[in-house]
Structures are given as C-alpha cells and as structure tokens.
Number of protein chains: 2
Amino acid sequence: MQDGTFTPPGYSDGTRTARGRVFESDCPTRKLLDRIGDKWSALILLVLGDEDTRFNDLKRQIGGISQKMLSQTLQSLKRDGLIMRTVEPTTPITVTYSITPLGRELLAALRFMIEWAEVRLPEVEKAQRIHDQALGAD
Amino acid sequence: MQDGTFTPPGYSDGTRTARGRVFESDCPTRKLLDRIGDKWSALILLVLGDEDTRFNDLKRQIGGISQKMLSQTLQSLKRDGLIMRTVEPTTPITVTYSITPLGRELLAALRFMIEWAEVRLPEVEKAQRIHDQALGAD
DNA sequence: CAGCATCCATGACGATACTG
DNA sequence: CAGTATCGTCATGGATGCTG
C-alpha cells in the first residue's frame, strides 16, 4: 500500500469471485460507487495523482466545476482518507491538496476504467447511434 | 476485444497520461462515469458477467432494485452496446440478457475497482470515523 | 485566496398501478 | 413473465452572494 500499485486478491484459485459480496446488504462496491461515482471525485483524484494542487488551481484545471461542488467533493475525499489538506498560514491563507497512498491505490484501479473509456467510447457511441436508428427493430 | 481482457495503451512510454483528455469538453471518462457510475449499472454488468440472466432473475439477484430502474438501466446498457437482449417467443414471453464482448471488457476494468473496494473499504471507513471524531482538529 | 450559506432547478430513484 | 406509465420524493449540483 505504499506505492500506487494494487494487486487484487483471489481469482487465481478460481474459487473466489466478486459476486459473493456485491449483493450483500453492506456491499463495498455499492458504497464505493456511491462515493467516487459522482460527477467530480474521479477527476479530482486524477489531477492530484499528477501533482499537489491548490484550491483555485483545481477549479481552473477541472473545467465546469462549481466552487460549491469542488469544496464539497474535496471534503468528502478527505473524509474517506483518499486525499490530504495542508494549510500554510500565509496571508492570505494557502491550502494545498494532495493524494494519499490509499487514494493513489484507488486511482490506479480507476485508470483501467479511464483508459477503457478513452479507447472504447467511440464504439459505445457508435452502438448508441445504431441503436437509436433501429427504432422498432429491437 | 474478443475476450474479457483489456490492456490499456500508453503509460509504458511515459509520454501519454490520462490527464490530457480528461479535461477536454467531450471527456470520455466523464461520459463513462455518467453512464455506469449510476446506482445499478455496475451491479447488472457483474451479474451478467457470470451468466445470462432473465429479467425477473436479475430483479431477484440484485436486492433492492425496483422494476423501473432495472428496466431503465437495462435499456441504457443495451443502447451502449454493453449488453444484449434476446427474446424467445414463448408464452408468456422469455427475455434473456447477456453481456457483450465490449461489456465484458468494461467489466474487467470494473473488477479492479470492485476488488479494491472489497479490500480497502474498511480502511476508508476507519478514516471516516477518525475524521468525524477529530472535530476542529482538521 | 479559500472557502461557506442559501436558493433553486433538474433528474434520479422508489412506489404503485396497469398491460400484452 | 416482462415490462410500461405515472406520481411523488429526495439528493445532486449550479448560481449567486458573502466572509476571514
């Protein structure tokens, strides 16, 4: 858990799959997706994965995010232990956000999805167009 | 793209990172998360990754999902080309949902996050408890 | 600079009832 | 069995204005 790599357990022995847990009432996957499946968490983690960044820098880099959502999402990520908030008592105050080892680990898993999206989204959108044209053909 | 494996491009040469695209206006990652970051898509993909499943079977397996959301999410996943819908003209009608190669590929990326969630969520929740107790300590 | 407080619109989602 | 249609609720998130 020191670096950004994450090796998932199981699957090699063939006995344990994700299926068993995902439908329990306290399903970890559901909880995780509730948190980082929102509109901005993944983007913020991605920026902080590259370099420590200050509040208004984040706001500039992530186009379209409102101050409210940035602040709110940062708090949530900090509460989850995925990012850190560092205050320097300058005037005016200077606040820097950075990713934690735990956050970097999640980011590593996230990158697989990000890369998939970048490579395959054209196919998804092509499927959408075909689907939308074939009205009634099902 | 035939099996469920997905090898992300880039990163080996060190020049290309996900950063460049993720903040474009038509960011693929944002679009993807808008689609499968919802409450049920990931769960449905996970079930269908195991075996083809019928509508009411899905409803039974995924605890807590409403008929409306199941139907709606299935349509969305089908439109994206991630799952298929097969109708057998029995009486009454028999409908089976199955995952596509594209969907299986996404599922493979998703599993990294699922596994991370199952392993690390206790740490996240521990961080939450510590954070909530340290009121004012920042 | 780094936020918080407030108001408001949208839509995600659930519950219920109905259909081929 | 496999859905559709409608209604109501609540959370997400944007816009705006204010603060230390």
Side-chain angles (χ1 to χ4, degrees), chain A residues 25 27 30-44 47-48 52-80 83-98 131 135-138, chain B residues 25 27 29-44 47-48 51-80 83-98 131 135-138:
Chain A
S25 53
C27 166
R30 293 196 195 184
K31 288 184 181 176
L32 174 69
L33 287 178
D34 276 357
R35 306 211 147 270
I36 63 99
D38 67 12
K39 201 168 179 178
W40 304 111
S41 292
L43 283 310
I44 292 176
V47 178
L48 296 183
D52 299 356
T53 313
R54 288 166 56 186
F55 187 88
N56 282 314
D57 259 357
L58 278 167
K59 182 153 169 34
R60 269 184 294 272
Q61 287 194 49
I62 304 177
I65 193 169
S66 65
Q67 240 170 15
K68 177 194 171 182
M69 289 316 298
L70 178 56
S71 172
Q72 191 172 300
T73 308
L74 286 171
Q75 282 182 36
S76 171
L77 290 172
K78 186 198 168 199
R79 190 175 103 98
D80 292 345
I83 68 172
M84 268 185 53
R85 177 179 186 269
T86 309
V87 183
E88 287 169 272
T90 53
T91 20
I93 201 176
T94 302
V95 179
T96 305
Y97 290 90
S98 53
H131 184 270
L135 298 171
D138 201 26
Chain B
S25 52
C27 165
T29 301
R30 293 196 196 183
K31 289 184 180 177
L32 175 68
L33 287 177
D34 275 357
R35 305 210 147 273
I36 63 99
D38 67 10
K39 200 168 180 179
W40 303 110
S41 293
L43 283 311
I44 291 175
V47 178
L48 295 183
E51 56 180 349
D52 299 356
T53 313
R54 288 166 56 186
F55 187 87
N56 282 312
D57 258 357
L58 277 166
K59 183 153 168 34
R60 268 185 295 272
Q61 287 194 50
I62 304 176
I65 192 169
S66 64
Q67 240 169 15
K68 177 191 169 183
M69 289 315 298
L70 178 56
S71 173
Q72 191 172 300
T73 308
L74 286 170
Q75 282 180 37
S76 172
L77 291 172
K78 186 198 166 198
R79 190 175 105 96
D80 292 345
I83 67 171
M84 269 185 52
R85 178 179 185 268
T86 309
V87 183
E88 287 169 89
T90 53
T91 22
I93 202 174
T94 302
V95 179
T96 304
Y97 290 91
S98 53
H131 184 271
L135 297 171
D138 200 26

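So that the names make sense, note that chain A is the first sequence line, chain B the second, and so on, each numbered from 1.
An OP1 or OP2 oxygen of C:dC1 is reached within less than 4.0 angstrom by no side-chain nitrogen or oxygen of A:T90. The side chain of A:Y97 places no N or O atom within less than 4.0 Å of a non-bridging phosphate oxygen (OP1 or OP2) of C:dC1. Between D:dA2 and B:R54, a contact under 4.0 Å exists linking OP1 or OP2 to a side-chain N or O. Look at A:S71 and you'll find a side-chain N or O under 4.0 angstrom from OP1 or OP2 of C:dC4. Residue B:Q72 has no polar side-chain atom (N or O) positioned under 4.0 Å from OP1 or OP2 of C:dG14. Contact annotation: B:R85 side-chain N/O to D:dG3 OP1/OP2 distance is under 4.0 Å. Proximity of B:K59 to the phosphate of D:dC1: no side-chain N or O atom is located under 4.0 Å from OP1 or OP2.
Note that CG of A:L77 and CZ of A:R85 are 13.5 Å apart. Values are rounded to the nearest 0.5 Å. Here CZ of B:R35 is found 11.5 Å from OG1 of B:T73. Values are rounded to the nearest 0.5 Å.
Set against D:dG13, C:dC13, C:dA2, the side chain of A:D38 has D:dG13 as its closest nucleotide. Ranking D:dG14, D:dC1, C:dG14 by closeness to the B:R60 side chain, first place goes to D:dC1. In the set D:dA2, C:dG14, C:dA2, C:dA2 carries the atom at the smallest distance from any side-chain atom of A:N56. Taking only side-chain atoms of B:Q67, from C-beta outward, the nucleotide of C:dC13, D:dA2, D:dG14 with the closest atom is D:dA2.
As a whole-Å value, the separation of B:L70 CG from D:dT4 P is 10 Å. Separating the CG atom of A:D52 from the P atom of C:dA2 is a distance of 13 Å, rounded to the nearest angstrom. Atom C1' of nucleotide D:dT19 and atom CZ of A:F55 are separated by 14 Å, given to the nearest angstrom. Per the geometry, CG belonging to A:L58 stands 9 Å off P belonging to C:dA2, to the nearest Å.
Contacts of A:Q75 with the nucleic acid, taken as non-hydrogen atoms under 4.0 Å apart, involve only primed sugar atoms and P, OP1 or OP2.
Partner of B:Y97 under the side-chain contact (heavy atoms from CB on, under 4.5 Å) criterion, chosen from B:L48, B:D52, B:T53: B:L48.
Ranked by how close their nearest DNA chain C nucleotide is to the 5' end, A:K68 and A:P92 are led by A:P92.
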